[in-house]
Peer 1: 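Let me give you the structure first, and then I'll get to my questions.
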Amino acid sequence: MGRPVPVKPVLHELAEPIPPEAADPIPPEAADPIPPEAADPIPPEAADPILPESAKVVVPEPVKPVIPVSAKPVLPKPAKPVLSKPAKPVLSKPTKPVIPKPTAPSWKNVNNPKDPNRVMVYNAYNDSREDGMIRLITILLHKKPPTLICTFELDGVTARSKATNKEIEEHFKMKYSAFVSSCKVPPVLRNRTLSKMTVSVDGGNEGVELEVHSPDGPPKGKLALCIQPIHGNFNRATWLIEFIEFYTMMGVEHFFFYIYQVGNNVQKVLDHYEALGRLTQQPWRLGLASINEIRTKGIFAALNDCLYRTMGHYDLDVMVDLDEFIVPRKHKTYMEMVEYLNKNLSGVVPGSYLFKNSFFYLEKENDLSQMGTQPETGPIFAPFLVTQYKTKRAKTYPYKIRSKFFVVPHRVEAAGNHYIRRYYGGLAMYLGYGLLMEDSTVMPSFTKQTKQKSEFPTSQL
């Protein structure tokens with residue numbers, strides 16, 4: 001048997017080719033391409049055997065698997081969060097300054113309020129030291145003050161007189177100044193009890209009616225204290241309590257506060273002490289167009305109103321600011337000190353007791369020797385008492401420069417801020433010194449004074 005002749009393989013076409021349009025297209029992005037290096041080679045032994053020519057074998061082309069396009073997941077749209085509108089924070093309204101209600105007495109316009117030059121009067125006092133003399137506390141133009149007319153009427157009798165205006169010299173050349181205006185009651189009504197009067201501008205309108213206060217009556221005490229108008233929305237309640245209680249320890253029996261503007265905390269303290277009968281609040285609204293038209297809210301008018309208000313009722317007035325403390329060096333109370341000093345005067349009645357001033361600045365470090373801790377901090381709360389924390393003294397000023405004083409009301413006609421301006425037949429007396437604490441830095445002007453003075457050694461006070 002001979003050797004078979006090898007037969008060449010016959011490649012057959014596909015029996016039923018698949019038309020292109022019938023094929024399921026595979027989107028390019030869904031096909032998984034097989035890189036050449038990843039193909040598995042077919043070994044020779046796995047190749048299809050050679051079939052005889054008579055056999056017709058249909059070898060379909062491998063169909064690429066149809067991979068359905070994965071449907072994008074339908075995600076629910078995120079619901080918009082329902083945000084409730086943020087509630088508006090309930091903010092406490094900023095503390096408004098407490099302005100006292102206009103109870104009598106109060107500043108009154110003597111002339112037409114529309115007049116650009118104001119003429120104002122606060123109070124009228126019967127000065128019993130001089131027969132038929134009425135003192136008015138007024139605010140007038142510093143230059144060319146108008147002439148005031150005082151009208152008195154009683155039991156059908158009407159009498160008039162012109163007022164004499166005397167300015168408090170500490171005017172600082174501002175537009176307005178404080179005056180003590182004096183009216184002499186005409187003889188026809190001089191020995192009568194007058195409770196009311198009318199003040200007008202010479203040649204002007206009808207004027208305003210005033211109650212006439214009288215110093216007659218039983219004495220109310222030995223020591224009163226007069227405070228200049230409080231302003232600037234002052235709201236340090238602790239300092240106010242310290243002030244009142246310190247001066248109470250020194251013997252002050254009643255306080256007269258002139259209130260221009262204070263904070264709520266301070267107002268509560270004032271109301272508390274007033275309810276106890278230890279304090280009187282006087283409303284002090286000037287109504288001027290600018291604070292630069294008069295010195296410190298009319299301080300000199302307030303001090304002299306207090307002078308005449310206490311005359312005949314108290315032996316001494318202490319005239320200080322809220323940041324000032326007169327501290328005796330030897331005696332426990334003011335009256336003890338005054339009685340000691342009067343023993344050396346040989347019967348002379350002084351008009352005032354003047355004290356030197358030394359500063360204790362607030363910006364200096366705190367003295368912790370008394371309280372043991374910084375003020376107003378935890379865990380042990382200590383109130384910020386300036387008399388305990390501020391003990392570093394600056395220089396001491398000479399008499400009549402930043403000085404403070406006690407005034408004997410019936411010996412004085414007009415008081416200033418740092419010393420007496422006009423005495424009523426009295427003797428100005430300057431004492432060796434009680435210690436004055438303050439944080440004010442305003443330097444006042446002063447005029448010459450030619451009164452006798454008597455000094456005492458510092459060690460004796």
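Hydrogens, waters and symmetry mates play no part in the numbers below; they use all other heavy atoms, side chains included. In this chain, residues are counted from 1 in sequence order.
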Peer 1: Using the rule side-chain hydrogen bond (donor to acceptor under 3.5 Å, both in side chains), only one of Q228, K404, R295 pairs with N417; which is it?
Peer 2: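 Among Q228, K404, R295, the one that satisfies the side-chain hydrogen bond (donor to acceptor under 3.5 Å, both in side chains) with N417 is K404.
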
Peer 1: Could you tell me whether a side-chain N or O of Q388 sits under 3.5 Å from a main-chain N or O of M371, the two making a donor and an acceptor?
Peer 2: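 No, Q388 side chain to M371 backbone: no donor-acceptor pair under 3.5 Å.
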
Peer 1: Partners of D315 by side chain to side chain contact (heavy atoms under 4.5 Å, CB included), sequence neighbours excluded?
Peer 2: K222

Peer 1: Between Q261 and N233, is there a donor-acceptor pair closer than 3.5 Å when you use the side chain of the first and the backbone of the second?
Peer 2: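 Yes.
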
Peer 1: Let me know which of Y419, F359, F355 forms a ring pair (Phe, Tyr, Trp, His ring centres under 6.0 Å) with Y397.
Peer 2: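 Single ring pair (Phe, Tyr, Trp, His ring centres under 6.0 Å) partner of Y397 among Y419, F359, F355: F359.
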
Peer 1: Can we say R236 and E242 salt-bridge, meaning some charged N sits less than 4.0 Å from an Asp/Glu carboxylate O?
Peer 2: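 Judged by the 4.0 Å cut-off on N to carboxylate O distance, R236 and E242 do not form a salt bridge.
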
Peer 1: Would T238 and N265 satisfy side-chain contact (heavy atoms from CB on, under 4.5 Å), going step by step from the backbone distance to the final call?
Peer 2: CA-CA 9 Å; T238 300; N265 294 338; over 6 Å; no

Peer 1: Is the ring pair H213/Y125 parallel, tilted or perpendicular, if the boundaries are 30 and 60 degrees?
Peer 2: tilted

Peer 1: Is it true that K184 and E130 make a salt bridge, defined as a side-chain N closer than 4.0 Å to a carboxylate O?
Peer 2: yes

Peer 1: Side chain of K392, backbone of Y361: donor and acceptor closer than 3.5 Å?
Peer 2: no

Peer 1: Do E324 and R402 touch side chain to side chain, with heavy atoms closer than 4.5 Å?
Peer 2: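 They are not in side-chain contact.
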
Peer 1: Kindly compute the distance separating CD1 (I259) from CD1 (I230), expressed to the nearest 0.5 Å.
Peer 2: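 Between I259 CD1 and I230 CD1, I get 4.0 Å after rounding to 0.5 Å.
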
Peer 1: Quick one: pull up CG in L189 and CZ in F152 and give me the separation to the nearest 0.5 Å.
Peer 2: 8.5 Å

Peer 1: Does the Lys NZ or Arg CZ of R118 fall within the cation-pi geometry relative to Y176 - under 6.0 Å from the ring centre and within 45° of the axis?
Peer 2: no

Peer 1: Taking the side chain as every heavy atom from C-beta outward, state whether R309 and Q282 have any atom pair closer than 4.5 Å.
Peer 2: yes

Peer 1: Does some side-chain heavy atom of M120 sit less than 4.5 Å from a side-chain heavy atom of L288?
Peer 2: yes

Peer 1: Does a side chain donor of either T391 or D367 reach within less than 3.5 Å of an acceptor in the other side chain?
Peer 2: yes

Peer 1: If you measure from CG on N126 to OG on S214, what distance do you get to the nearest 0.5 Å?
Peer 2: 5.0 Å

Peer 1: Would you say the side chain of V262 lies within less than 4.5 Å of the side chain of F257, judging by non-hydrogen atoms?
Peer 2: no

Peer 1: If you look at every heavy atom in V252 and L225, which pair is closest and at what distance?
Peer 2: CG1-CB, 3.7 Å

Peer 1: For T151, does its backbone N or O pair with a side-chain atom of R160 as donor and acceptor, under 3.5 Å?
Peer 2: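 It does not hold such a pair.
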
Peer 1: So T387 and Q370, side-chain contact (heavy atoms from CB on, under 4.5 Å) or not? Walk me through it.
Peer 2: CA-CA 10 Å; T387 57; Q370 297 299 316; over 6 Å; no

Peer 1: May I have the step-by-step check of side-chain contact (heavy atoms from CB on, under 4.5 Å) for M174 and N292, ending in yes or no?
Peer 2: CA-CA 7 Å; M174 293 184 173; N292 297 320; 5.6 Å; no

Peer 1: With rounding to the nearest 0.5 Å, note down the distance linking OH in Y122 to CG in L136.
Peer 2: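 If we round to the nearest 0.5 Å, Y122:OH and L136:CG are 14.0 Å apart.
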
Peer 1: If only atom types and distance count, is the side chain of D321 paired as donor or acceptor with the main-chain N or O of D323 below 3.5 Å?
Peer 2: no

Peer 1: Quick check for you: to the nearest 0.5 Å, what is the distance between N357 atom CG and I401 atom CD1?
Peer 2: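 If I round to the nearest 0.5 Å, the distance is 10.5 Å.
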
Peer 1: So which of F384, F325, Y389, F246 actually passes ring pair (Phe, Tyr, Trp, His ring centres under 6.0 Å) with W239?
Peer 2: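 Exactly one option meets the ring pair (Phe, Tyr, Trp, His ring centres under 6.0 Å) with W239, and it is F384.
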
Peer 1: Counting only N and O atoms by type, is there a donor-acceptor contact under 3.5 Å from the side chain of N111 to the main-chain atoms of V119?
Peer 2: yes

Peer 1: So which atom in N117 and which in D115 form the shortest heavy-atom distance, rounded to 0.1 Å?
Peer 2: N-OD1, 2.9 Å

Peer 1: Answer with yes or no whether the side chains of S181 and N165 bring together a donor and an acceptor at under 3.5 Å.
Peer 2: yes

Peer 1: Ignoring hydrogens, what is the shortest heavy-atom contact between R329 and R393? Give both atom names and the distance.
Peer 2: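 Closest approach of R329 to R393, heavy atoms only: NH1-NH2, 4.1 Å.
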
Peer 1: Taking W284 for its side chain and K297 for its backbone only, find out whether a donor-acceptor pair lies under 3.5 Å.
Peer 2: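 Side chain of W284 to backbone of K297: a pair is present.
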
Peer 1: Would you say the side chain of N366 lies within less than 4.5 Å of the side chain of P375, judging by non-hydrogen atoms?
Peer 2: yes

Peer 1: Begin from the C-alpha positions of L223 and M250 and carry the test side-chain contact (heavy atoms from CB on, under 4.5 Å) through to its verdict.
Peer 2: CA-CA 9 Å; L223 264 175; M250 292 296 104; over 6 Å; no

Peer 1: Is it the case that the ring center of Y334 lies less than 6.0 angstrom away from the ring center of F406?
Peer 2: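 Yes, they do, as the ring centres are separated by less than 6.0 Å.
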
Peer 1: Y399 ring centre to K356 NZ or CZ under 6.0 Å, with the angle to the axis within 45°?
Peer 2: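 Yes - K356 lies over the ring of Y399, closer than 6.0 Å to its centre and within 45° of its axis.
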
Peer 1: Which of these passes side chain to side chain contact (heavy atoms under 4.5 Å, CB included) with L307: V180, V407, I420?
Peer 2: V407

Peer 1: Is there a side-chain contact between N342 and Y353 in this structure, where contact means two heavy atoms from C-beta onward sitting under 4.5 Å apart?
Peer 2: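 In contact.
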
Peer 1: In sequence, state the C-alpha distance, the side-chain angles, and the governing distance for E413 and K166, and then conclude on salt bridge (charged side-chain N to carboxylate O under 4.0 Å, His left out).
Peer 2: CA-CA 10 Å; E413 184 180 324; K166 287 189 177 181; 3.4 Å; yes

Peer 1: Can R278 and E245 be counted as an ion pair, charged N to O under 4.0 angstrom?
Peer 2: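 Judged by the 4.0 Å cut-off on N to carboxylate O distance, R278 and E245 do form a salt bridge.
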
Peer 1: Check S200 against G207 and note the closest heavy-atom contact, atom names and distance.
Peer 2: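 For S200 and G207, the tightest heavy-atom pair comes out as CB-CA, 3.7 Å.
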
Peer 1: To the nearest 0.5 Å, what is the distance between CZ (F300) and CD1 (I294)?
Peer 2: 9.0 Å

Peer 1: If every non-hydrogen atom of P328 is compared with every non-hydrogen atom of M337, which pair is closest and at what distance?
Peer 2: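 Result for this residue pair: CB-SD, 4.2 Å.
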
Peer 1: Any side-chain heavy atom of N123 within less than 4.5 Å of one from Y308?
Peer 2: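 N123 does not reach Y308 side chain to side chain.
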
Peer 1: Heavy atoms only: give me the nearest I168-S177 pair and the separation to one decimal.
Peer 2: O-OG, 3.6 Å

Peer 1: Would you say the side-chain atoms of D317 pair up with the backbone N or O of M319, donor to acceptor, closer than 3.5 Å?
Peer 2: no

Peer 1: If only side-chain N and O atoms count, and only distance matters, is there a donor-acceptor pair under 3.5 Å linking D305 with Y258?
Peer 2: yes

Peer 1: Does any N or O in the side chain of Y247 come within less than 3.5 Å of the main-chain N or O of I326, such that one atom is a donor and the other an acceptor?
Peer 2: yes

Peer 1: Counting neighbours of CD1 on I380 that are heavy atoms of other residues, nucleotides or ligands and sit closer than 6.0 Å, is the number greater than 12?
Peer 2: no

Peer 1: In the structure I gave you, are the side-chain heavy atoms of L148 and K162 within less than 4.5 Å of one another anywhere?
Peer 2: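 No; the side chains remain at least 4.5 Å from each other.
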
Peer 1: Could you tell me whether a side-chain N or O of R135 sits under 3.5 Å from a main-chain N or O of A124, the two making a donor and an acceptor?
Peer 2: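 Flag not set: sc R135 to bb A124 has no pair under 3.5 Å.
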
